[in-house]
Amino acid sequence: MVTTDRYNPHEIEPKWQKYWEQIGLLRASEDSGRGKKAYILVMFPYPSGDLHMGHLKNYTMGDVLARWRTQQGYSVLHPFGWDAFGLPAENAALKFGISPADWTFGNIQQSKESLALMGIQYDWSREVTTCTPAYYKWNQWIFLKMYEKGLAYRKKSYVNWDPVEQSVLANEQVIDGRGWRSGALVEKRELEQWYLKITDYAERLLADLDKLPRWPEKVKAMQRAWIGKSVGAEFDFPVKGHAHKIRVFSTRPDTIFGATFMVLAPEHELVARITTPEQKEAVEAYVAATRMKSEVERQREDREKTGVWTGAYAINPANGKEIPIWIADYVLAGYGTGAIMAVPGQDQRDWEFAEKFGLEIIRTVEPPAGWQGQAYTEDGPAINSGFLNGLYVEEAKQKIIAWMEEKGIGQAKVNYRLRDWLISRQRYWGTPIPMIHCDSCGIVPVPYEDLPVVLPTLKDVEDIRPKGKSPLAAHPEFYQCTCPKCGGIAQRDTDTMDTFFDSSWYFLRYTDAHNENLPFDPTKANFWMPVDQYIGGIEHAILHLLYARFFTKFLHDLGLVEAEEPFEGLFTQGMVQGWTDVGEVVLEGQTLRFKNPERRAKLELPETLTLEEAQKSGAELRTHEDGTLHFWKPATMSKSLGNGVMVGPFVREQGADIARITILFAAPPENEMVWTEEGVQGAWRYLNRVYRLVSENLTELKAQSETFEPAELEGAHKALYQKLHQTIKKVTDDLEALRFNTAIAALMELLNALSDYRKEQGVSPVFRHAVLRYVQMLAPFAPHLAEELWHHFHTTSVFHAPWPTLDEEALKADHFELVVQVNGRVRGRTTVSSNASEEEIRRLAKALPNVQQHLEGKEVVKEIYVPKKLLNIVVRG
RNA sequence: GCCGGGAUGGCGGAAUGGUAGACGCUACGGACUUAAAAUCCGUUGCCCGCAAGGGCGUGUGGGUUCGAGUCCCAUUCCCGGCACCA
């Protein structure tokens with residue numbers, strides 16, 4: 001036996017990292033000779049500097065898949081890059097006086113070191129950094145293409161204004177009325193801005209979700225809800241005594257006979273024109289009050305309905321009735337036509353409004369007998385509806401729409417909640433919008449040959465500070481230019497693009513990262529696209545993933561890429577949590593009171609907790625060295641909480657493979673995982689056992705031949721061979737489904753089997769065979785250790801050896817354990833030969849003493865035999 | 001309210017309608033050690049029993065089935081998303 005040197009990651013890991021660098025492992029090539037490709041992609045990050053284990057989880061998952069596909073012989077693309085434009089760089093500049101570019105590139109350097117320490121391998125030759133002109137030139141190119149196709153346009157409208165970021169935001173970036181990043185209450189401002197016409201793609205974005213079986217249902221549901229398709233009709237109500245008509249959208253045109261009033265959004269353009277002099281004051285006051293209200297106030301759920309009558313009447317085209325026109329803020333200016341016909345009988349919101357203001361309610365759908373509720377929104381026969389009477393909702397809709405079309409009043413219409421994407425930002429650190437404003441020619445695109453419009457380096461940090469308009473607007477050397485059309489004096493657009501523009505197509509740039517003529521070469525993109533497995537956080541369920549799908553469809557329409565969907569498989573990983581000190585607590589009887597309100601609030605804990613509640617929540621009380629009592633609980637790792645386990649120190653103390661196993665084994669990857677010392681210990685113990693299995697038997701293993709005839713194996717040898725192949729099947733299947741935790745559990749089981757075998761049988765050809773296959777299967781998870789162990793036996797990389805193939809024959813055991821049930825309860829088990837006849841098996845089962853006891857004096861009614869598994873004897877009496 | 005997903009030991013979690021609790025952690029007992037750490041061996045869902053064995057057990061109540069954690073119906077609770085979108 002060779003003396004046992006200890007598993008020493010610090011020696012092993014740097015050595016093999018260098019080796020992989022040398023052999024160009026995971027350097028992608030469009031080598032179609034391999035027959036199959038795998039594009040494994042993790043969402044590229046904003047470069048934030050030092051990384052903690054929370055950042056590393058999805059990169060580790062991607063690395064496992066990329067290495068595994070390499071072993072399987074795929075052409076693998078596993079690239080990385082940086083979503084490098086954005087506000088944090090500006091904020092850092094303002095805080096530390098360092099330029100956004102220097103700060104960004106410094107962070108990138110730091111982050112790269114962390115990735116390298118973890119042994120995560122990328123094709124760095126395809127690295128993409130969005131803040132470089134080489135990249136954002138193509139943002140501008142794509143923007144110009146969109147402009148040409150009428151998909152980029154300028155519009156003056158009420159927009160979301162984030163007072164902290166001092167910039168406008170897209171709808172998708174406003175969560176509960178607050179800026180998604182700043183958390184500040186968003187204001188409405190009327191501004192002229194650039195939009196992308198994502199609404200033109202609404203139907204395709206919705207329909208194609210059905211072509212994505214490997215996406216989480218929850219993400220698809222969120223996108224469907226965001227797109228918000230609704231089918232109905234759009235039609236006109238004439239205003240009494242005016243030439244104006246009020247156009248409304250309704251999903252229930254069949255209820256038109258029950259429309260007893262109309263409601264306009266306060267911002268509706270007709271409001272001022274139809275309001276009668278008597279009502280003018282009240283209406284103007286209401287409109288002004290609405291403007292003052294924040295989005296949050298307007299959306300508060302318990303809000304009572306409010307509104308004001310305009311004094312005007314409309315004519316219900318179905319029955320000629322005069323109905324009053326109101327304004328109310330429950331009708332939104334931005335959806336549909338900004339006006340509704342109110343049908344209180346069939347709409348709960350209208351019901352509430354009608355009740356409050358004493359307006360007429362007519363039911364037009366017969367509710368079921370005994371109906372106690374208010375508005376009835378379900379199906380039923382039409383009543384009080386003239387020629388629709390008796391028809392059920394669907395039929396009635398069709399008939400009324402046909403009638404409207406015939407009368408020229410309106411027609412069927414599909415509406416979406418999705419709005420166009422506002423992409424202008426009044427910030428410095430982003431892609432300049434490649435447009436020129438000329439006094440005589442109007443808006444003129446920058447000619448393609450003049451791209452990129454380079455973002456100027458601002459030397460004084462004060463120049464970067466947001467002031468409510470773009471910092472570039474203070475720099476004539478940037479914006480002063482000549483009009484490409486007339487040659488006269490003109491000004492560049494001084495806004496920059498939303499950084500989500502950058503991330504909407506970066507995965508395509510990876511396929512051809514250095515192309516200087518096009519964003520990417522279609523041939524190369526077509527080789528790699530679509531991404532086979534995309535891994536990232538659920539927070540991008542709508543924003544990034546919707547925009548990326550939109551861009552892919554647009555670029556497809558331009559003929560640049562065949563794929564219409566960018567990501568074939570999507571995986572949203574759970575967060576990594578760390579034990580977190582919430583701060584000192586004092587115990588008052590059974591109640592804990594927090595002494596650090598800031599941290600308490602950040603972790604969404606109440607001011608006080610009972611001891612019982614604290615325990616139930618999984619929290620721990622720890623006495624610190626100074627004698628104070630602290631409240632600890634797991635919380636998502638973050639810089640601001642200071643609870644992140646930092647990659648550098650951890651890897652230097654413990655090792656990368658240990659970190660990788662800890663992350664992958666602790667929980668299913670889609671779940672949250674809590675990083676614990678115990679988990680780390682478990683990972684260490686496991687890898688150490690693997691290491692010793694080889695090192696303690698090294699001489700014998702090396703001397704041992706690997707030739708044997710599987711069919712001739714018997715007893716323990718056959719059992720080991722069988723266990724090996726069960727494991728090959730399990731690990732392969734689990735990797736396919738990203739079930740890393742159960743794959744590692746299967747490897748642990750096989751390790752236990754190998755140790756037991758070694759103790760009883762010593763080193764044999766099957767043992768050597770199994771150990772080497774073991775090392776190969778370990779390789780995606782703990783690559784450094786696997787490579788080290790592999791090189792005791794081979795001179796080339798473990799990642800270049802073909803993934804172990806499954807021997808189906810091996811799975812067929814010559815014996816199996818028969819479970820015997822009586823009336824569905826297990827009463828005995830016995831080992832039976834696989835070629836025993838069914839008759840034989842029934843006889844053996846009934847001969848078991850305990851089974852006999854349960855059969856005694858009973859009549860056998862039925863026997864169910866599940867081959868190679870179980871016999872259930874059903875008895876009576 | 002609507003949509004999506006859940007509920008299994010002390011904990012993380014396993015289980016194509018066929019042995020519930022794989023694998024790991026924790027805890028306990030033992031070996032090694034002057035001792036500790038590390039390592040190794042064993043026990044670890046609950047209850048009764050010396051044991052053989054038996055009973056109970058996958059949020060709750062029903063159902064289908066020879067057999068249900070798994071399928072169906074109802075219900076409670078938890079997590080996530082959306083929420084006056086006509």
Side-chain angles (χ1 to χ4, degrees), chain A residues 4 6 175-176 216-226 228-230 232 248-253 255 259 263 265 298-301 303 305 328-343 346-350 352-353 415-419 538 541-542 572 618 661 665-668 670-674 676-686 688-689 692 730 739 741-752 755 759 817-829 849-850 853-854 861-875:
Chain A
T4 63
R6 255 165 79 105
I175 315 286
D176 294 334
E217 209 44 58
K218 112 177 106 168
V219 174
K220 288 190 278 187
M222 283 165 77
Q223 292 214 354
R224 282 191 192 104
W226 187 260
K229 180 180 184 174
S230 56
V248 300
F249 171 76
S250 174
T251 53
R252 294 292 303 278
T255 62
V263 186
R298 277 188 75 163
Q299 286 177 3
R300 263 210 350 257
E301 75 179 293
R303 263 186 58 237
K305 295 273 179 299
D329 64 3
Y330 83 91
V331 174
L332 308 175
Y335 182 77
T337 60
I340 61 160
M341 66 167 185
V343 189
Q346 271 71 233
D347 185 290
Q348 186 59 27
R349 297 157 297 188
D350 297 344
E352 284 161 17
F353 195 84
N415 241 318
Y416 299 90
R417 289 170 67 178
L418 181 69
R419 312 291 157 81
I538 184 73
I542 293 173
T572 53
I661 296 291
F665 180 66
E670 66 274 23
N671 287 14
E672 283 174 348
M673 72 148 296
V674 185
T676 61
E677 191 45 46
E678 289 80 9
V680 173
Q681 278 300 312
W684 193 88
R685 270 198 285 265
Y686 166 58
N688 199 30
R689 285 186 66 206
R692 286 188 354 244
K730 175 81 178 147
R739 287 186 299 246
N741 58 325
T742 48
I744 293 170
L747 286 171
M748 287 174 171
E749 275 190 65
L750 179 56
L751 176 65
N752 294 340
S755 310
K759 256 180 265 164
E817 187 174 58
L818 177 76
V819 174
V820 186
Q821 298 182 331
V822 178
N823 285 351
R825 323 200 54 151
V826 180
R827 296 302 180 189
R829 355 166 158 243
N850 197 44
Q853 260 185 26
H854 285 89
V861 182
K862 198 174 176 183
E863 290 176 21
I864 291 111
Y865 178 57
V866 183
K868 308 234 163 140
K869 249 184 202 150
L870 166 147
L871 180 75
N872 186 12
I873 305 166
V874 186
V875 297

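Quick note on labels: first sequence line is chain A, next is B, and so on, each numbered from 1. Remember, it's a predicted structure, so these values are computed and weren't measured experimentally.
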If I pick the [atom1] atom on [M] and the same atom on [N], what distance separates them, to the nearest angstrom?
N     : M     : atom1 : result
B/G42 : B/G61 : P     : 39 Å
B/C84 : B/G4  : C1'   : 22 Å
B/A74 : B/G57 : C1'   : 23 Å
B/C11 : B/C47 : P     : 15 Å
B/U58 : B/A52 : C1'   : 28 Å
B/U64 : B/G45 : C1'   : 28 Å
B/G1  : B/C28 : P     : 47 Å
B/U8  : B/A83 : P     : 31 Å

Can you give me the closest heavy-atom contact between A/A225 and A/R417, atom names plus distance?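 Reported closest heavy-atom pair: O-NH1, 4.2 Å.
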Of the non-hydrogen atoms in A/M341 and A/P253, which two are nearest, and what is the gap between them?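 Scanning both residues, the minimum pair turns out to be CE-CA, 4.2 Å.
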Using a 4.0 Å heavy-atom cut-off across all strands, classify [X] as base, sugar-phosphate, or nothing.
X      : answer
A/G682 : sugar-phosphate
A/N752 : sugar-phosphate
A/Q348 : nothing
A/R224 : nothing
A/T676 : nothing
A/K305 : base
A/N688 : nothing

The contact string for nucleotides 11-18 of chain B, one letter per nucleotide 5' to 3', using protein heavy atoms under 4.0 Å with B, S and - for base, sugar-phosphate only and none, comes out as -BSS-B-B
When you check the phosphate oxygens OP1 and OP2 of B/A86, does a side-chain N or O of A/Y335 lie under 4.0 Å from one of them?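 Answer yes for this pair, as a side-chain N or O of A/Y335 is under 4.0 Å from OP1 or OP2.
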Give a yes/no on whether any side-chain N or O of A/R685 is located under 4.0 angstrom from OP1 or OP2 of B/C40.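 For B/C40, OP1/OP2 do not have a side-chain N/O of A/R685 under 4.0 Å.
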Apply the syn/anti split at 90° from 0 to B/G9 and say which one it is.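 In terms of base orientation relative to the sugar, B/G9 is syn.
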For the [atom1] atom of [X] and the [atom2] atom of [Y], what is their distance to the nearest 0.5 Å?
X      : Y      : atom1 : atom2 : value
A/N741 : A/E670 : CG    : CD    : 7.5 Å
A/T742 : A/L747 : OG1   : CG    : 10.0 Å
A/I661 : A/M748 : CD1   : CE    : 7.0 Å
A/L871 : A/R827 : CG    : CZ    : 14.0 Å
A/I873 : A/H854 : CD1   : NE2   : 11.5 Å
A/R689 : A/L751 : CZ    : CG    : 4.5 Å

Once hydrogens and angles are ignored, does a donor-acceptor distance under 3.5 Å link the base of B/C3 to the side chain of A/K218?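 Check fails, no donor-acceptor contact within cut-off.
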What integer distance in Å separates [X]:[atom1] from [N]:[atom2]?
X      : N     : atom1 : atom2 : value
A/R825 : B/G53 : CZ    : P     : 15 Å
A/K759 : B/C41 : NZ    : P     : 5 Å
A/Q853 : B/G55 : CD    : P     : 11 Å
A/D329 : B/C84 : CG    : P     : 11 Å
A/H854 : B/C66 : NE2   : C1'   : 16 Å
A/E352 : B/A86 : CD    : C1'   : 13 Å
A/L750 : B/G24 : CG    : C1'   : 16 Å
A/E863 : B/G67 : CD    : C1'   : 15 Å

Should the ring pair A/F249 and A/Y335 be called parallel, tilted or perpendicular, given that the plane angle runs from 0 to 90° and is split at 30 and 60?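 The arrangement is perpendicular - the two ring planes meet at more than 60°.
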Looking only at side-chain atoms of [X], point me to the closest of [options].
X      : options             : result
A/M748 : B/C23, B/A86, B/A38 : B/C23
A/R827 : B/U26, B/G54, B/A86 : B/G54
A/T251 : B/A20, B/U26, B/A86 : B/A86
A/V874 : B/C66, B/A38, B/A86 : B/C66

For [N], give its Watson-Crick or G-U wobble partner with both distances under 3.5 Å, or none.
N     : answer
B/U70 : none
B/A20 : none
B/A14 : none
B/G4  : B/C79
B/U43 : B/A27

Between A/R224 and A/E217, is there a salt bridge with N-O shorter than 4.0 Å?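 Answer for the salt bridge query: yes.
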Looking at A/K218, I'd like to know if its NZ atom is crowded, meaning that more than 12 non-hydrogen atoms belonging to other residues, nucleotides or ligands lie closer than 6.0 Å.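 Not more than 12 within 6.0 Å, no.
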Residue whose nearest RNA chain B nucleotide is more 5′ - A/F249 or A/E817: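 So the residue in question is A/E817.
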Which residue lies more 5' along RNA chain B, comparing A/W226 with A/A221 via nearest heavy atoms: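 In this pair, the answer is A/A221.
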